[in-house]
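These figures come from a predicted structure and were not determined experimentally. Convention: sequence-line order gives letters A, B, ...; per-chain numbering from 1.
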4 protein chains.
Amino acid sequence: MFMLNPQDKAPIFAQLKKQIIEFIGLGILNPNDQLPSVRSLANELGINPNTVAKAYQELELQGYVYTVAGKGCFVSQVNIEADIQGNKIKEFKQVVMDCHKFNIEKELLISSIESIYEGGMKHAEN
Amino acid sequence: MFMLNPQDKAPIFAQLKKQIIEFIGLGILNPNDQLPSVRSLANELGINPNTVAKAYQELELQGYVYTVAGKGCFVSQVNIEADIQGNKIKEFKQVVMDCHKFNIEKELLISSIESIYEGGMKHAEN
Amino acid sequence: MFMLNPQDKAPIFAQLKKQIIEFIGLGILNPNDQLPSVRSLANELGINPNTVAKAYQELELQGYVYTVAGKGCFVSQVNIEADIQGNKIKEFKQVVMDCHKFNIEKELLISSIESIYEGGMKHAEN
Amino acid sequence: MFMLNPQDKAPIFAQLKKQIIEFIGLGILNPNDQLPSVRSLANELGINPNTVAKAYQELELQGYVYTVAGKGCFVSQVNIEADIQGNKIKEFKQVVMDCHKFNIEKELLISSIESIYEGGMKHAEN
DNA sequence: GTGGTCTAGACCACT
DNA sequence: GTGGTCTAGACCACA
C-alpha cells in the first residue's frame, strides 16, 4: 500500500507521513477509516514499529488522525482536505515568488500549468 | 551580508549555500567575484570556519564556485544563472503537479501568479 | 580491509575513497553491500570518524554509494562499474596522447600492454 | 609562452614546472637555453615571483635545469629527454595495470593507441 | 546502534 | 593572508 524509498534523504517516518496525508487528500483514506496497526504496517514495510508509531504520533499532533487506545488509529473527520490544499497553495505561492525573484517569465509558468493540467497526470520523475 | 536563522531546521552550511546560490542567481554575486574568505565570513557570522568551508566545498562540487587554495573562492563563470532558473522551474512544475493531484483548480493557481507578478509582493510569511 | 599509507601525499580521505571505488570496480564490494560504519572503520584505521565520514560523503555525492542516516552506507546499484572503467580508459587515453606528444614509439606501448596482460604482473613499484 | 589555469586544482608552481618539463621534452627548450628570469616570468604571468622561484628550484633539484648565480637559469645538458620519456612510460604501465585489474580488454587499449597515433595529435579536452 | 552537524583548535601548502 | 586537512569531542535525529 505504501512505498518507501530508502535512498530518499527524507527520514522514513516522514515519507510515511507524507503518503498518508496524500492518501487522505486524494480520498483514498476517508474520515474515520482505520489505519493499519502500527505493528502490521511495520511488518509489511519491513521497518521498525517505532518508526511507524512516530509517523502516527505526528499525524495525530497535526490533527490528521486520532488514536483510540486499544482500538487503533483513525482518519480525522475534520476538514482535512481543505487543509492539505491550503498547504499546497501556500507552497505554490512561495515557489512562484522565488521564480519572480529570479526573473523567470510569468508566461513560462502559466504555460507550464496549462500543459500539466491538460496532459496526463503522471508524476515527474525526480 | 548573509543572514542565518538559528531557528531554521536546515543546517547552517545549507542555509549559507542556499543564500550564495540565490545571490548568484540574483546577480548580486557575479562570475569571478570573490566570496568572503572562510575565516572572515565565519567570524562575521559567529560560526566555525569549518562550517563555512563545508558550504564552499559543496558549492564547488556543484560547480557554482571555484576555489583556489591560497587565494580564495570565486564565483564560476559558467552559465550558472540558467542552471538556477532551471532548478526553480523544475521545482515549480513539481508543485503544480501536486496541486493537480489534489484537484486544486487551475484558475486559482494562475490568478495567484498574476497577483504575485503584478503586486511585486516581497515574501510570504513562512 | 583497507590500507592507508601515511607517507602518501594524498589526503587520507582521498586514499580511502580511491580504495573503495577500486573495491567496487573489482567486485569486492557489490551493489547494496553495506560499508563498515563510520565509527568502526575510523577505529580500525586509527583515524578520526570525521575523516571517514568525509570520504563517504564525497562518494555519495559522486553516486558511488548511498547513505541512510541511522542505518549505514551502502554501495549504489547503478552501473558504477561501467563508470569506473570509463574513467580509467579516459585516463589511459590521456597518457597515450602524452606519449605520442613525446615521440614515444607506438610499438613500445603495445608491447608493454602485451607483457602486462600476459604476465599477470601484480603491481608496479611506485 | 606558458599557460596557467587558476581553476586547476594543481598549484601554480606545479603547473609551471610541468609545462617547462614538457617544453624540454618537446625540444622547444633545448639544453643550455636560458629560461626567462624569475621576475620577468612572474610579471608576464601575473603571479608572485616566489611562485616562479619555487618552480625553478624544484626543477633544479630534479636536475632539469641549473642555475648560475647572477646569470640566470638554464636547461641542463644531461639526458633529460630520455628521463621524461621514461617517466611517461612508467606512468603508462601503471595505468595499463589498473586497466588490467578492472578487466578492461586488451584489444580496446590497443585500438585506442592506434587511433590516437594515426589521428591528429590534438589534446583531449579534460 | 547509525550518520549528520558543529565547534575548537591545530598543522600544512600555496600565494 | 588563503583554503585543505585532520583531530577530539560534542549533540542531534533516526532506526
**Q** Reading DNA chain F 5' to 3', how would its secondary structure be written in dot-bracket notation, given Watson-Crick and G-U pairs with both distances under 3.5 Å, brackets [ ] for crossing pairs and | for partners on other strands?
**A** ||||||||||||||.
**Q** Name all residues meeting the side chain to side chain donor-acceptor pair (under 3.5 Å) criterion together with C:Q85; count only those two or more places apart in sequence or in a different chain, and write none if there are none.
**A** none
**Q** By nearest nucleotide on DNA chain F, pick out whichever of A:I12 and B:K71 is the more 5' one.
**A** B:K71
**Q** Write down the distance between CD (D:Q15) and P (E:dC14), rounded to a whole number of angstrom.
**A** 12 Å
**Q** Run the ring-ring contact (aromatic ring centres under 6.0 Å, His included) test against D:F13 and tell me which residues pass, sequence neighbours left out.
**A**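 If we apply the ring-ring contact (aromatic ring centres under 6.0 Å, His included) test to D:F13, skipping adjacent residues, there are no hits.
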**Q** Donor-acceptor pairs under 3.5 Å, side chain of residues 24-37 of chain B to any protein atom, not counting sequence neighbours: which ones?
**A**
residue	atom	partner	partner atom	Å
B:N30	ND2	B:G27	O	3.3
B:N32	OD1	B:Y66	OH	2.9
B:D33	OD2	B:N30	N	2.9
B:Q34	NE2	B:K71	O	3.2
B:S37	OG	B:S40	N	3.0
B:S37	OG	B:S40	OG	3.0

**Q** For C:V38 and for B:P11, find the nucleotide of DNA chain E with the closest heavy atom, then tell me which residue's nucleotide is more 5'.
**A** C:V38
**Q** So, using side chain to side chain donor-acceptor pair (under 3.5 Å) as the criterion, who are the partners of A:Q57 when residues are at least two apart?
**A** none
**Q** D:N50 vs D:K54, test: side chain to side chain contact (heavy atoms under 4.5 Å, CB included). Steps then yes/no.
**A** CA-CA 6 Å; D:N50 290 333; D:K54 181 160 189 178; over 6 Å; no
**Q** Just the endpoints, please: which first and last nucleotides of DNA chain F, 5' to 3', lie under 4.0 Å from a heavy atom of chain B?
**A** F:dG1 to F:dC6
**Q** Holding to side chain to side chain donor-acceptor pair (under 3.5 Å), I want the full list of residues that pass it with C:K88, two or more places apart in sequence or in another chain.
**A**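 If we apply the side chain to side chain donor-acceptor pair (under 3.5 Å) test to C:K88, skipping adjacent residues, the hits are C:E91, D:D98.
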**Q** In residues 50-68 of chain B, which ones come under 4.0 Å of DNA chain E, going by heavy atoms?
**A**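 Output list: B:N50, B:T51, B:K54.
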**Q** Once side chain to side chain contact (heavy atoms under 4.5 Å, CB included) is applied, do any residues pair with A:L45, and if so which ones, sequence neighbours excluded?
**A** A:F2, A:L4, A:L16, A:L41, A:I47
**Q** Which is true for D:I47 with a 4.0 Å heavy-atom rule: it touches a base, it touches only sugar-phosphate, or it touches nothing?
**A**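 Answer is nothing: D:I47 stays at 4.0 Å or more from every strand.
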**Q** Taking the nucleotide of DNA chain E with the closest heavy atom to each, which residue, C:A69 or B:G46, is nearer the 5' end?
**A**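 This one resolves to C:A69.
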**Q** Listed by chain and number, what are the ring-ring contact (aromatic ring centres under 6.0 Å, His included) partners of B:Y64, not counting sequence neighbours?
**A** none
**Q** Which residues pass the side chain to side chain donor-acceptor pair (under 3.5 Å) test with C:N87, not counting sequence neighbours?
**A**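 Result, side chain to side chain donor-acceptor pair (under 3.5 Å) vs C:N87: none returned.
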**Q** Tell me, which pairs form a side-chain hydrogen bond (donor to acceptor under 3.5 Å, both in side chains) where one or both residues lie in residues 11-20 of chain A, sequence neighbours left out?
**A**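 Matches after skipping sequence neighbours: A:K17-A:E58, A:K17-A:Q62.
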**Q** Could you tell me whether the side chain of B:Y56 reaches within less than 4.5 Å of the side chain of B:V38, counting heavy atoms only?
**A**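 They are in contact (side-chain heavy atoms under 4.5 Å apart), so the answer is yes.
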**Q** Which sits closer to the 5' end of DNA chain F, C:G70 or B:L35, going by the nucleotide each is nearest to?
**A**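 Looking at the nearest nucleotide for each, B:L35 comes out on the 5' side.
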